[in-house]
Amino acid sequence: MATKRVLIVGGGLAGLAATMKLAELGIDVDLMSLVPVKRSHSVCAQGGINSVNDLTRQQGDDEWLHFDDTVYGGDFLQHQPPVKEMAYWGPKIIDLMDRLGVTFNRTPEGMLDRRRFGGTLFKRTAFAGATTGQQLLYALDEQVRRWEAAGKVKKYEYWDFLGPILDDNGICRGAVAQDLVSMEIRSFPADAVVVGSGGPGLIYGRSTMSMACTGSAASRCFQSGGKYSNGEFIQVHPTAIPGADKLRLMSESARGEGGRVWVPRTPQDPREAVTIPEGERFYFLEDRYPKYKNLVPRDIATREIFDICVNEGLSVEKDRQCVYLDLTHIPRQELDRKLGGILGIYEKFQGVDPRTTPMKIFPAVHYSMGGLWVDYERSSTGGLVVGSPKNHITNVPNLYAIGECDYQYHGANRLGANSLLSCIFSGLIVAPGLENLLKGAKQAAAELPSSLFERSRKQHQSRHDALLKRSGGGENPYLIHQELGDVMTKVATVVRRNDQLQEALGKVSDLYARAKKCSLSDTGTWTNQNVVFTKALLDMFPLALTILKGALQRDECRGAHFKPDFAFGSLTATEPAERRRQAEAWCDRFEANNAKWLKSTVAQWTGDEVEITYEEVDTSLIPPRPRLYGLVGADDIEKVWNQRSAARETAQNGNGSTAPAKLAGAH
Amino acid sequence: MADSHHNPNASHSARSFEVRILRQDGPGQPSYWERHRVEYEPEMNVISVLQRIAAKAITADGKHVAPVAWDCNCLEEVCGACTMVINGQVRQSCSALVDRLLEDRPGEIELAPMAKFPVVRDLVVDRARLFRALTKVKAWVPVDGYYDVGPGPRVSPATQEQSYPLSECMSCGCCLDACPQYLKVEVERLEGESAADFEARANNEFDRSFVGAHAISQAMLFNSHPTGATSAGPRLDALMAEGGIQVCGNAQNCVAVCPKNIPLTTSIGRAGRATTIHQLKKWFGA
Ligand SMILES: Cc1cc2nc3c(=O)[nH]c(=O)nc-3n(C[C@H](O)[C@H](O)[C@H](O)COP(=O)(O)OP(=O)(O)OC[C@H]3O[C@@H](n4cnc5c(N)ncnc54)[C@H](O)[C@@H]3O)c2cc1C
Ligand code: SF4
Ligand code: SF4
Ligand code: FES
C-alpha cells in the first residue's frame, strides 16, 4: 500500500503541535500555510499560557478549578469533557514547552515564574517576557524544522487551501490548494485533512488579528458541508490602539498598574488632553463602578467605552471613536519598570510618548470563540478517550479542525491565556486519533482514482480562471471589504440589537452579490495577490452571514453576546421580602433562559444561505450557575441560587455529581 | 473600531505625498521605478500606504497598473514578514511611520525590495535561504520526544535574561540585507527539473554560502540551553564549514539594523571563541 499522509492546513500553534506529534508517531505530514509557518498569527500573543502548577496547588488550586474557571468564564456554553481534558493536560503541556526550550521567565531559583490573569484567583499564567506566543510558536517551529530535515514533514508555505476534496460518499480524501507564487493549482491526496487556520478577524475589516486571519480556510470547509458553531460569539477587547491598518492590543496591565480611563466632559474638547482641568474630565468607569473602578471585567469595560462614544457622543475625536487611557499621573520610572514593553509598542506605532500624553484607545475585535463544529469521544471519567479518531473531527469524515478555528473550548467567552493552551492541546490530542484512523483505513488516498482529484482541481481552476477573465469596471474588492468590516463592526460586536442585525443581514447579502461582480486590477498569472484577496473576500460572506444570523436569533445575553433588550435587570426592591421575591424571579428566569438558550448554535451552508439549528451542551460535570459580576442584588440572587442547588443535590441523593454547584463568589 | 475610511475618489488634497516604488514583475525581469500619489491621513504606516495603493491601483500619472505586491502579516513588528528597503534603509514596513518618514524626507517615500534576496515580485522576496540556515545550524532542542516526562532543566534568571533576547529573532533578514559579506544567491529552476530536485540544488547552494548573523546567533542560543548543548559540536561544525563564521568580516552592520536589538556581535564573538576551542579540541583529539 502507498504510504498514508496527513495534510495539515495552518502552521500556527495548533497546526505545528499536530505536525510535530504526528511525525513522532511515524506519520508523514504535508504542512500548508499562507505565510511561512514561523510568521503565523500566534506570534502576536503577548500575555501568556495558563496551567495549574505546584505553587497554585498549595494555595488550593487544582485542574478541576481551572476547568471550572474556564466553563464559568465561558458562560457554560462549551461541552465539558474536552475542557476538562485540556485543564488536566495543562501542566504537562507547560512542561513540554519548557523542555523544548521556550525562554519562559524564571524565579530566582530557576523555576517558571507565573502571573495572574483575568477570571481566576490563582497565578496560573506562565509567560516569556511580553512575547509568549512568539516563543511558543518558535519552539514548535523548530521541532517541525527538525522533522522536515529528517524527511517526515514536507512544507508548502505560501500556499492557499482552496477546499477539501470529497468523494462520492462525502468522505474527505485530500484538498486542493494554490501556490501563491506561481499560481499553480493542484490537488493533495490525503488520508486526513486537519485545518488549523486560526480566527476570522478580517471579516471585521480591522481587528487585533493578523492579515492572514481571513477565515477563508474555515469558510471553505463550511461551504463544503462542514458545520460551523457559535459563530456569533466574538470577543472584543476593551483597549486597543486604533490604527489605519490594524487595531493593536494595549494590554490590560496598563489599567492594572493604575491607568485611568476618561473623556472630556465637553464633547470633542479641542484642547490638549493634559491641559484639560480635572473638573472637566469624566472618569466614567470610576464614576459608574466605584468598587472596581477602571478594573471592571473586560466585557463591562468594553461596553462602557463603546457606550460613551457611540451613544453618548463623548468620543475624544469627532470622526473616530476613542477614549483616553491615562498613565501620565504615574512617575516615569515606575512606568518604565512595570510597563516598559507595552508602552514601547504604543510609542513605536503612534509616535507619541504615553508617559506624557494620554493614550487614545478603543475596543477591538480580538478572538472568535465560535468555529468549525467538531466532535469528541467522552471517556468514562468525563474526559476524552485519548486516541479516538472522533476527537476534533468535523461532521465531514476525515476532515478535522483544531486551534482557534474550532469551537470547542471557550464557550461564550474566552479567558485570557487559555487560547494558547487550547491551540497546543488540540494539536497534540488530534494526533493519536489520526494514527488510529489511518491504521483502520483499508486504502491510502494516493491509490484512489486520479479522476477524483482531477475533478476537484478543475473546479477550482475554472473558478480562478473565471475571476481573472472578469471584464474591468466592476466592483473594487478592497472597498467592498471596508464596507463589510464597517457593517460587521457596527452591529455584531459589543452591543447587539435585532433591528440592526436584521438590517445588516440585508446589507451584507447585497455586498455579497456585489462582491461576486468584483473585477480585478491584476489579471496576471504570477504572485497575483489581488485574485487571492478577492477569493478570500468572497469566502468571508458565508461566515459573516453566519455570525449575523446566529446573533439575530439568539435572544439572550451570554458571554460576549450582549443584547440589552434581553438583559436581566438588577434587583430594585429594598423591602426584604420583595427583594427575596425578585431574587426568586431572577433565578426562575435564569433557569428558563438556560432551558431555551444553553445550546450550541450549529450553522450549515445551503449553497446560498445559512441554516441554523441548536444542539444540547454537555454540562454534566459542572452544573451551570449565574455570572453575577457587578450586578445590584448579586448577594440575594446568590443566596436563592445556592439554596436551590443544595435542594437539587439532596434530591439527586448523592447521584454521581461531585461538582461544586455553589457559586464561587469572587470570580 | 469605526474609523473613517479613505475615499479613493476624492481629489488630491494639498496633503498628499509621493511614493516611489521599485517594481519588478517577476524573477529575472527588469526592475523599474513607479510613482504613486497617496493622500495623507494621520497615523499612517508604510503598510497602510501600500493598502491605499492596492485599492486604487492607479499611478501618479493616472495609469492603471497591477497593485504592488508585498509581504506582511502581524502588523506589529513581531512576525518578520514585511521587511523592505525604505528611504534607503532596510527595516520593517509595519513600524515605519509616515509622519517620521516625511520628516526625514519631505513629500516623498521610497520603497524597494530587499537587496540580498531574489525578487519574487515587486517588494516580495524569496527568503528560503534564511530559513535553510536555521536547518544548517540545527536550531532546535533535540528532545527525546513529546510524551510527558516531567519539567525541563532548571534555568537561572541570568541565563534566561541572556537567552530571551536571542529567542526574539523573527527571521526578518534585516541583518542579512545590511551585511557586506552576505551576497545574493539566486538559483533558477532548470527546464524540466522537478520541484524536489530544484529544492535540493538550491539548498546545496545556500549551504555553501554565508549562513548570516541571525543563524550564528541562533546556534549560540541553542548551545547555551542545557539540552540544546548536546548538539553543540555539530552546530559548531556547521559554523566552521564553508559559508560559516569565517566569512564574517566583523563590519557590525547587522547589529545596527536589527529591529529586535538582538546583540548579534556578542553572539558572533561567542561563536568565534567557541569554534576556535572546538577546532583545537579536534586537533588534539580531546
Ligand atoms: C494580539 C493578540 C494577543 C493574544 N494574546 C493571547 C495570550 O496572551 N494568551 C492566549 O492564550 N491567547 C492569546 N491570543 C489568542 C491566540 O493568539 C490565538 O487564538 C492563537 O494564536 C491561534 O492559533 P492557531 O494555531 O489557531 O492559528 P494561527 O496562529 O492564527 O495560525 C493560522 C495558520 O493558518 C494558516 N492559514 C490560514 N488560512 C489559510 C489558508 N486559506 N490556506 C493555508 N493556510 C492558511 C496561516 O498561514 C497560519 O499558519 C491573542 C490574540 C491576539 C490577536
Ligand atoms: S559583523 Fe559579520 S555578520 Fe554582521 S554585518 Fe558584519 S560581516 Fe555581516
Ligand atoms: S537577528 Fe534581527 S535582523 Fe536578523 S533576522 Fe533576526 S530579528 Fe531580523
Ligand atoms: S508585518 Fe509582521 S513584522 Fe511587519
Side-chain angles (χ1 to χ4, degrees), chain A residues 20-21 24 35-36 38-39 41 43-44 92 95-96 98-101 103 105-106 108 110 128-129 131 134-135 138 142-143 145-146 149 181 210-212 242-248 319-321 345 348-351 362-364 476 478-479 482 486 489-490 493 521-522 524 526-527 529-530, chain B residues 1-5 8 25-26 41 43-45 47-48 51 54-55 57 64 66-67 69 72-81 94-95 97 99-100 120-121 124 131 134-135 139-143 145-146 148-152 154-157 160 163-164 167-168 170-171 222 225 227-228:
Chain A
M20 126 190 143
K21 189 65 195 173
E24 177 181 47
V35 296
K38 194 178 178 180
R39 309 200 193 286
H41 169 62
V43 291
C44 290
K92 301 179 210 171
D95 280 351
L96 172 61
D98 180 24
R99 284 173 49 228
L100 297 184
T103 51
N105 279 48
R106 302 282 164 168
T131 61
Q134 185 191 28
Q135 302 312 319
Y138 288 2
E142 288 147 11
Q143 293 302 315
R145 185 165 292 107
R146 187 180 166 206
V181 175
S210 300
M211 297 308 284
D245 55 335
K246 187 189 185 182
L247 311 172
R248 299 180 179 86
D319 34 73
R320 199 174 63 162
Q321 320 281 5
I345 295 183
K348 183 172 271 174
F349 286 97
Q350 300 306 104
F362 196 69
N476 181 329
Y478 302 100
L479 299 184
Q482 286 181 1
D486 288 346
T489 303
K490 179 145 183 275
T493 49
S521 43
D522 185 356
W526 183 260
T527 321
Q529 296 179 334
N530 193 223
Chain B
M1 290 182 292
D3 261 66
S4 61
H5 286 303
D25 297 344
E41 292 167 55
E43 290 165 9
M44 278 183 128
N45 58 4
I47 298 286
S48 52
Q51 286 173 341
H64 285 266
C72 69
N73 195 29
C74 71
L75 307 191
E76 45 191 76
E77 203 178 73
V78 69
C79 79
C94 62
S95 56
L97 304 181
D99 285 342
R100 294 287 104 73
V120 173
R121 180 172 179 179
V124 180
F131 290 111
L134 298 179
T135 306
W140 52 71
V141 176
V143 290
Y146 313 126
D148 176 35
V149 293
R154 272 203 206 180
V155 175
S156 71
Q160 192 271 346
S163 301
Y164 178 73
S167 69
E168 280 192 290
M170 58 179 176
S171 300
F222 289 97
H225 183 274
T227 317

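Residues B:Val78 and A:Cys44 are in side-chain contact: their nearest non-hydrogen atoms beyond the backbone lie under 4.5 Å apart. Here the side chains of B:Val143 and A:Arg146 are in contact, with some heavy-atom distance below 4.5 Å.
Between the side chains of B:Ser95 and A:Lys348, not a single donor N or O lies within less than 3.5 Å of an accepting N or O. Counted by atom type alone, A:Gln135 and B:Ser167 present one or more donor-acceptor pairs between their side chains at under 3.5 Å.
Under 4.0 Å is where a charged nitrogen must lie from a carboxylate oxygen, and between B:Glu43 and A:Arg320 at least one such pair does. One finds no salt bridge joining B:Arg154 and A:Asp98 here, because no Lys/Arg side-chain nitrogen approaches an Asp/Glu carboxylate oxygen to under 4.0 Å.
If you measure heavy-atom distances from A:Phe349 to chain B, the contacts under 4.5 Å come from both the backbone and the side chain. In this structure, the portion of B:Val124 lying under 4.5 Å from any heavy atom of chain A is its side chain and not its backbone.
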Assess the residue pair A:Arg145 and B:Phe131 against the criterion (side chain to side chain contact (heavy atoms under 4.5 Å, CB included)); give the C-alpha distance rounded to whole Å, side-chain angles, the decisive distance to 0.1 Å, and a yes or no. CA-CA 9 Å; A:Arg145 185 165 292 107; B:Phe131 290 111; 3.6 Å; yes
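Checking side-chain atoms of A:Arg106 against main-chain N and O of B:Ser156 turns up no donor-acceptor pair under 3.5 Å. Distance alone, capped at 3.5 Å, places no donor-acceptor pair between the B:Trp140 side chain and the A:Leu100 backbone. Looking at B:Asn73, its side chain never comes within 3.5 Å of a backbone N or O of A:Ser210 through a donor-acceptor pair. With hydrogens and angles disregarded, no donor-acceptor distance shorter than 3.5 Å links the side chain of A:Arg99 to the backbone of B:Tyr146.
Rounding to the nearest 0.5 Å places CZ of B:Arg121 at 7.5 Å from CD of A:Gln529.
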